[in-house]
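Note that these values count all heavy atoms, side chains included, but never hydrogens, waters or copies made by symmetry. Not measured: the values here are computed from a predicted model.
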Amino acid sequence: MTSILSVEDLHLLFDDGKTRALDGIDLSVKEGEFVAIAGPSGCGKSSLLSLIGTMEAPSSGRIRLRGEDYSGIEDFSLFRRKHIGFIFQSSHLIPTLTAFENVLVPALGWSGARMQTRARELLSLLGMEERTHHYPAEMSGGERQRVAIARALLNEPELVLADEPTASLDSKNALRVLEMLDSVRRERNLTMLMVTHDRDVASHADRIIHMKDGRIERTESPR
């Protein structure tokens, strides 16, 4: 498989210029790979995801997506919209919009017939076809998270970044959401990085990267 994401000697310093959130991260992710980033709170895993998602800028080092160096990107919002899908611990759905309308939010003016068709297809794929016109308050936590997954996939991203996507769910819903997410990933050949502190959740990945004190401590293949 071809490498889609490359991280080279990545550093992130806090505002005091002394405390390191990331301390020389090197990482390569292959196209279609599911990578879990695990470790205790404060180890730097969410900071790494934030930098890869262009939500923050590194203090030094390089990140490349399909060979494109992030430092050369002029419009990060457009880059994220075209290439990256985000799934968070909380679904962050807009309460006044239906499931269908929430999925269409990332389209931002692209919501013509093709996007609407894709939104319906994703909701159906995630078992939410009967909830299309329901509002978030009318859904369970697991259902809201499935809508959030559909929203993240709407623009056909090359890279999906998930930050503790099942942490707010009970074990039954967490497993169901994770299995659906992995199924969609395989079907669409998506590349996914997922931050988690849960060993059982991480075991669904192709590879687990363990972090400690801003560094990669070790890597394992659970499958």
Please list, chain by chain and in numerical order, all residues satisfying salt bridge (charged side-chain N to carboxylate O under 4.0 Å, His left out) with [X], sequence neighbours excluded.
X	value
Arg120	none
Arg80	none
Arg66	Glu31, Glu158

- salt bridge (charged side-chain N to carboxylate O under 4.0 Å, His left out) between Arg218 and Glu220, worked out: CA-CA 7 Å; Arg218 59 189 173 89; Glu220 65 172 306; 3.6 Å; yes

- Is the number of heavy atoms from other residues, nucleotides or ligands within 6.0 Å of CZ (Arg64) greater than 12? yes

- Message: If you count heavy atoms of other groups shown closer than 6.0 angstrom to CZ of Arg207, is the number above 12?
- Response: yes

- Item | salt bridge (charged side-chain N to carboxylate O under 4.0 Å, His left out) between Arg114 and Glu121, worked out | CA-CA 11 Å; Arg114 187 179 73 84; Glu121 288 175 347; over 6 Å; no

Under a single-linkage definition using a 4.5 Å side-chain heavy-atom cutoff for Ile, Leu, Val, Met, Phe, Trp and Tyr, are [X] and [Y] assigned to the same hydrophobic cluster?
X	Y	result
Ile52	Met55	yes
Ile37	Met192	no
Leu161	Ile149	no
Leu49	Leu159	yes
Val103	Ile84	no

Check: [Y] main-chain N/O paired with [X] side-chain donor or acceptor under 3.5 Å:
X	Y	answer
Asp69	Gly72	no
Thr117	Ala113	yes
Ser183	Met180	no
Ser59	Leu13	yes
Ser140	Glu143	yes
Arg151	Ser91	yes
Arg118	Leu153	yes
Arg81	Ala107	yes
Asn155	Lys82	no

Closest approach of [X] and [Y], non-hydrogen atoms and distance?
X	Y	result
Gly127	Arg146	O-NH1, 3.6 Å
Glu164	Lys45	OE2-CE, 4.1 Å
Gly85	Pro157	N-CB, 3.4 Å
Leu10	Leu48	CD2-CD1, 3.9 Å
Met194	Leu178	SD-CD1, 4.0 Å
Ala21	Ser47	CB-OG, 4.0 Å

Can you confirm whether [X] sits close enough to [Y] that some side-chain heavy atom of one is under 4.5 Å from a side-chain heavy atom of the other?
X	Y	value
Thr132	Thr98	no
Lys30	Ile4	no
Ile94	Glu101	no
Arg20	Asp23	yes

- Quick one: sort the His92 and Phe88 rings into parallel, tilted or perpendicular, breaks at 30° and 60°. perpendicular

- Task: Show the numbers, then the answer: is there a side-chain contact (heavy atoms from CB on, under 4.5 Å) between Leu154 and Met115?
- Result: CA-CA 7 Å; Leu154 181 71; Met115 282 298 188; 4.0 Å; yes

Taking atom [atom1] of [X] and atom [atom2] of [Y], what is their separation to the nearest 0.5 Å?
X	Y	atom1	atom2	result
Leu93	Gln145	CG	CD	8.0 Å
His197	Cys43	NE2	SG	11.5 Å
Glu68	Ser6	CD	OG	13.5 Å
Leu5	Ser28	CG	OG	7.5 Å
His133	Glu138	NE2	CD	12.0 Å
Arg144	Met139	CZ	CE	8.0 Å

- Would Glu8 and Asp26 count as a side-chain contact (heavy atoms from CB on, under 4.5 Å) if you check the C-alpha gap in whole Å, the side-chain angles of each, and the deciding distance to 0.1 Å? CA-CA 5 Å; Glu8 302 169 8; Asp26 291 298; 4.3 Å; yes

- Message: Could you walk me through whether Thr191 and Val160 satisfy the side-chain contact (heavy atoms from CB on, under 4.5 Å) test, starting with their C-alpha distance in whole Å, then the side-chain angles of each, then the deciding distance to 0.1 Å, before giving a yes or no?
- Response: CA-CA 6 Å; Thr191 305; Val160 176; over 6 Å; no

- Query: How about Phe79 and Tyr70: are their ring centres within less than 6.0 Å of each other?
  - Reply: yes

- Task: May I have the step-by-step check of side chain to side chain donor-acceptor pair (under 3.5 Å) for Asp75 and Ser77, ending in yes or no?
- Result: CA-CA 6 Å; Asp75 187 337; Ser77 62; 2.7 Å; yes

- Message: Test side-chain contact (heavy atoms from CB on, under 4.5 Å) on Ile25 and His11; report intermediate values, then the result.
- Response: CA-CA 7 Å; Ile25 298 291; His11 294 257; over 6 Å; no

- Message: One pair to check against salt bridge (charged side-chain N to carboxylate O under 4.0 Å, His left out): Arg185 and Glu179. What are the steps and the verdict?
- Response: CA-CA 10 Å; Arg185 178 192 69 84; Glu179 287 177 342; over 6 Å; no

